[in-house]
Amino acid sequence: MRWGENENESSSMRLKKKNTKTSKIWVKRREKWLVVLGVVLHAVYMLSIFDIYFKSPIVHGMDPVKPRFSPPAKRLVLLVADGLRADKFFEPDEEGNYRAPFLRSVIKERGRWGVSHARPPTESRPGHVAIIAGFYEDPSAVTKGWKANPVEFDSVFNRSRHTISYGSPDIVPIFCGALPHSTWKSYPHEFEDFATDASFLDEWSFDQFQSLLNKSKEDPNLEHLLKQDKIAVFLHLLGCDSNGHAHRPFSSIYLNNVKVVDRIAERVYNLLEGHFKDNRTAYIFTADHGMSDKGSHGDGHPSNTDTPLVAWGAGVKTPKPISGNHSDCGFRFVDEHSHDTPTPSEWGLDGIERVDVNQADISPLMSTLLGLPCPMNSVGSLPLDYINFNEAEEVEAVLANTKQILNQFLRKSYIKHSHSLFFKTFKPLANSSVVLENIEYLISNIDYKSAMELSENLRKLALEGLHYFQTYDWMMLMTVVILGYIGWIFYLVVHMLQSYTSMPGQIMYKEEAVQPDKKVYLLGSLLMAAFSILLLIERSPPLYHAYTAMTVFLWTQILSQYQFLKALLRSLWKEKLHYIIKLLSYCAVSLIVLEFLVHSFTERKLYTWCFLIVGVGAPSYLHRVIPWKSWIPGFVLVSCWSLSIFTLMPAEIPDNTFLVVVSGALIIIVGQAARWLELRFEENKFWQHILNPEFTKPKFPMLFHLQAVLVGISSVMLFLSTSHRTEKQELLVFHQLINWFVAGFSMVLPLFSAPCLLSRLTSIFLGFAPAFLLLSIGYEALFYAALGLVLMAWILFENTILYLNKDKISSVSSNSTDEEFPTEDEDRSLALSDARIALIFMVLFNVAFFGTGNFASIASFEISSVYRFITIFSPFLMAALLIFKLFIPFLLVICVFSAITKMIRVPRLGLYFLVILFSDVMTIHFFFLVRNTGSWMEIGNSISHFGIMSAQVVFVLLLFALTNIYTKDIQIKSAASLSRKSV
């Protein structure tokens, strides 16, 4: 009888193992499928932002509108001082002398002036496109590089008879590279060295132009060309931008560069007036963007959007005294600055009328002065206060500007109408042709005032109509994408319940509970086909098909599991009330934490309160539950409060080399403390998962000392490199090579550390420290050390919970059969309490984002961080170094996260999917927070927040793969009693 029972039990065990093995294979296969699906889905839905908000405004197929007035100028000179702030240009220096005496004399004696308001992203390419082509380029074009046009567009230079241009290799070729009627030249990239005074680049541009004019005296063909009409001259002056990045806009080098560009403007004026002697040259001096105090640009701060504008010469009005009091008429520029903003008294221009413009308004101004058709994609409004026309010419100029914008609207309306089954017209312009006829009638009757009012109103409506069609598909796309995200979240929940939880076997493994219904697939296929046909008829872009197909596919997959969902609901209905309350409590706490994280994107100081509160709550809990006197609660308090300081500090990191050097010493002390804890290990079960004598022997006994020495060398080298570059204005090749070697070699060493959890994580912390220090300029180096302390506190907290659960799990296991629990090498199932780990990970991951700035803001990328590795301008290498610096804190967080999953024996991919689920809840919130009104800075930040969260599925997965190189060898002491399944 006994033998028969044993045989049946053995047969049952074999069947159980076979089922378990089959289940593991099914889970592994489904994990791979889900990861691929998640990456594809988020990549596709991320692209929806480009269709909604970053859709190119360019449309082709219009005819140019020829002006019906005589051009006042035969040639026009455009001087663009790249990176020149308006306040640094207009204000006096410390001695009371103005930095641009020639251009100030122009403002006071023979020209007009104002502030040109740029729209973010305040980068060189979009700024020049706005000035020369008259439209605000699709912001995504910034990501497509500086050297190539992502789309073809019209410009003032295209319409000119001939264009002459000299300047940067990153700007001049954009407009002249493919222009047959142009003469241009740019200096080599090697000239753009941030370790030198870059004002010589401006001198180079002037020297090239001067050489051309001198050559024309000996070349009759060139002289004949230059004396024709419709000639455009463009000198790109990069010095202020390079010096602002390298030395900051308040440095003597940058401020001296302002004087340099003023002298160049004077020399260009004297050169041309002396050469042609016909008073038929118009001059425009401006900048593409400004420069923040920390030497960066990109966002919508006034220091980046406010640029000087000075115009004089043929066709430009002379100065006009201010008459009466100006009031704010309610008009706002593209950077959200109000009309008639008071002029600062220190500028010394209070008595002269100031005429501010949008940056795109400069393009129709240049076209009008030369008598050219406005660029066909221009959205700029002609600033009449700059042009010296009579009343009839003013009306004709504004009407030409209006027709050009209206033509864009009519073309977009025609394209959308011809492709849409259910077209909705823009009603205010339904009778635009009648309005045009009325304007022509008023002009013929010399009623210029009425004609002007109608023209300006029609132009305003045309601009509104362009915006209407720019956002025509907005609501449809948003609905599809939101439904897709919700479907993805439900699909993740179903997968996690089926694969990683200890749900009742009859729900999880019964064939009828998990077998998908083929009828649902058939209905889903028919629905997908119907949407595809509809989109094909409307000639929608291919991505529209992808958005709808992905959404329909996800909901088809969910509904195909309706038997499982029905069984799940039946199971929950049978649960006791306290379990339902517990489940709802976890959901509520998770939503509160996620909402906290959402608001932290716009208010970094929330993290300060977070860590102050956690710094009290967590130690109090540990003090109460740890049964012996311990230093752990005090350590957790100090580490949390240390990290809380950094989100109070300014996002603009001030230079402080001494602080970085001190941070290097602090990092060594933190590493030495971890080493001391490792060496004083005693046979205490509390430490058996973190410190294990079986795995504490490194492959190289002196590894820790070598890593500490490399951290010290990096601290010394950053001091030497910074000092020498500041004094000699150059980076020694010897210093550069040492920095590269130390940073690279130190990141390899953690691979040779002991596989014990604490030993490996300490080695990783020290291994990335040299690179981070060499890329630091101030307090962010201290942040690295503080983050390391908090991550150690997290490990101690989880280890304490694991230790305290040991007795409870042991008592459960003594009353249970072995088959209810995993073996020593298996992961346990996920439990509700594991949501804590995912939420803590997300908090720390976001602290890594916002601990030392705003990752979502372009201006957070401090370019001076890379000067210990490279000073010659190389945008892609510099960007790679900056991004790598920002990624290092993330790598630390994910390494600790991976180690904790090993320590508590839970499936890492299960927690990864839980993190993605939480991230997508935040993504949906950010999607609703995306704005298409207000300032462009607010719009841009809201889009970048959505993009960051949506990209986390790929971002976190890639970092998991990268950090797995360091964490895959971590060994945790086997303890079956601690690795039982949680129910």
Side-chain angles (χ1 to χ4, degrees), residues 77-86 88-89 99-100 103 116 118 121-132 142 145-147 157 163-177 184-210 233-249 251 253-265 267-268 284-292 295-298 304 307-308 359 729 863-864 866-867 870-876 878-879:
V77 178
L78 173 63
L79 302 171
V80 178
D82 202 309
L84 178 58
R85 280 168 56 156
K88 300 302 179 186
F89 175 78
R99 302 185 183 98
L103 289 171
S116 171
T122 45
E123 301 289 346
S124 292
R125 180 195 170 91
H128 282 88
V129 169
I131 293 170
I132 299 169
V142 179
W146 289 264
K147 300 180 178 64
F157 299 161
T163 295
I164 300 165
S165 180
Y166 299 104
S168 168
D170 299 320
I171 296 299
V172 172
I174 292 177
F175 302 96
C176 301
W184 64 277
K185 187 177 181 181
S186 60
Y187 40 76
H189 277 288
E190 291 73 23
F191 280 23
E192 300 177 31
D193 188 347
F194 288 120
T196 62
D197 182 352
S199 61
F200 78 95
L201 299 175
D202 302 342
E203 298 286 355
W204 183 94
S205 298
F206 172 76
D207 291 342
Q208 296 295 318
F209 179 59
Q210 186 178 38
V233 178
F234 169 43
L235 297 186
H236 178 247
L237 311 176
L238 185 64
C240 286
D241 184 74
S242 296
N243 284 329
H245 285 312
H247 309 287
R248 307 292 188 275
S251 66
I253 294 178
Y254 179 91
L255 298 177
N256 181 68
N257 209 143
V258 179
K259 300 177 182 179
V260 171
V261 296
D262 179 71
R263 288 196 297 269
I264 288 176
R267 291 156 69 189
V268 167
I284 291 179
F285 175 89
T286 188
D288 55 345
H289 57 74
M291 184 73 61
S292 71
S296 63
H297 52 82
N304 289 327
T307 61
Q359 197 171 59
Q729 295 187 2
I863 196 169
S864 63
V866 307
Y867 289 165
I870 183 174
T871 57
I872 302 297
F873 182 65
S874 176
F876 299 107
M878 288 179 165

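- In this structure the side chain of P169 reaches within 4.5 angstrom of the side chain of E192, judged on heavy atoms.
- Residues F89 and V261 fail the side-chain proximity criterion, which asks for heavy atoms closer than 4.5 Å.
- Using a 4.5 Å cut-off on side-chain heavy atoms (C-beta onward), Y254 and R85 make contact.
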Taking it one step at a time, do R99 and D262 satisfy side-chain contact (heavy atoms from CB on, under 4.5 Å)? CA-CA 8 Å; R99 302 185 183 98; D262 179 71; over 6 Å; no
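- For H245 against G295, the heavy-atom pair with the smallest separation is ND1-O, 2.8 Å.
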Dump the intermediate steps for side-chain contact (heavy atoms from CB on, under 4.5 Å) on V172 and K185, then the final yes or no. CA-CA 8 Å; V172 172; K185 187 177 181 181; over 6 Å; no
Under the side-chain contact (heavy atoms from CB on, under 4.5 Å) rule, what do L84 and V258 come out as? Steps first, then yes or no, please. CA-CA 8 Å; L84 178 58; V258 179; 3.7 Å; yes
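- Panel note: side chain T307, backbone S116; a donor-acceptor pair is recorded below 3.5 Å.
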Under the criterion side-chain contact (heavy atoms from CB on, under 4.5 Å), I'd like the reasoning laid out for V233 against Y166: C-alpha separation, chi angles, the key distance, then a yes or no. CA-CA 9 Å; V233 178; Y166 299 104; over 6 Å; no
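- Here the side chains of F285 and V77 are not in contact, with every heavy-atom distance at 4.5 Å or above.
- Without hydrogens or angle criteria, D288 side chain to H128 main chain gives no donor-acceptor distance under 3.5 Å.
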Evaluate H297 against D241 for side-chain hydrogen bond (donor to acceptor under 3.5 Å, both in side chains), listing each step before the verdict. CA-CA 9 Å; H297 52 82; D241 184 74; 3.2 Å; yes
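- Between F200 and Y187, the gap from one ring centroid to the other reaches at least 6.0 Å.
- Residues F234 and I132 have side chains in contact (heavy-atom distance under 4.5 Å, counting atoms from C-beta outward).
- Minimum interatomic distance between T286 and P308 (heavy atoms only, all atoms of both residues): OG1-O, 2.9 Å.
- When side chains are defined from C-beta on, V268 counts as touching F206, because their heavy atoms get closer than 4.5 Å.
- For the residue pair N257/S199, the side-chain donor-acceptor check at 3.5 Å is not satisfied.
- Here the straight-line distance linking atom NE2 of H236 with atom CG of L201 works out to 9.5 Å at 0.5 Å rounding.
- Side chain to side chain, D82 and S124 meet the donor-acceptor criterion of an N or O pair below 3.5 Å.
- When all heavy atoms of P173 and W184 are compared, the closest pair comes out as CG-CZ3, 3.9 Å.
- Here F191 contributes atom CZ and S168 contributes atom OG; the two are 12.0 Å apart, rounded to the nearest 0.5 Å.
- Side-chain contact between R125 and I174 is present, with heavy atoms from C-beta onward closer than 4.5 Å.
- Note that CD1 of I131 is 6.5 Å distant from CG of L78, once rounded to the nearest 0.5 Å.
- Between the NE2 atom in H247 and the OG atom in S242 there is a gap of 9.0 Å [rounded to 0.5 Å].
- Across all their heavy atoms, L237 and S205 have their closest contact at CD2-CB, 4.1 Å.
- Contact record, L255 with P249: CD2-O, 3.5 Å, taken as the closest heavy-atom pair.
- Side-chain contact between H289 and N304: absent, with no pair of heavy atoms (C-beta onward) separated by less than 4.5 Å.
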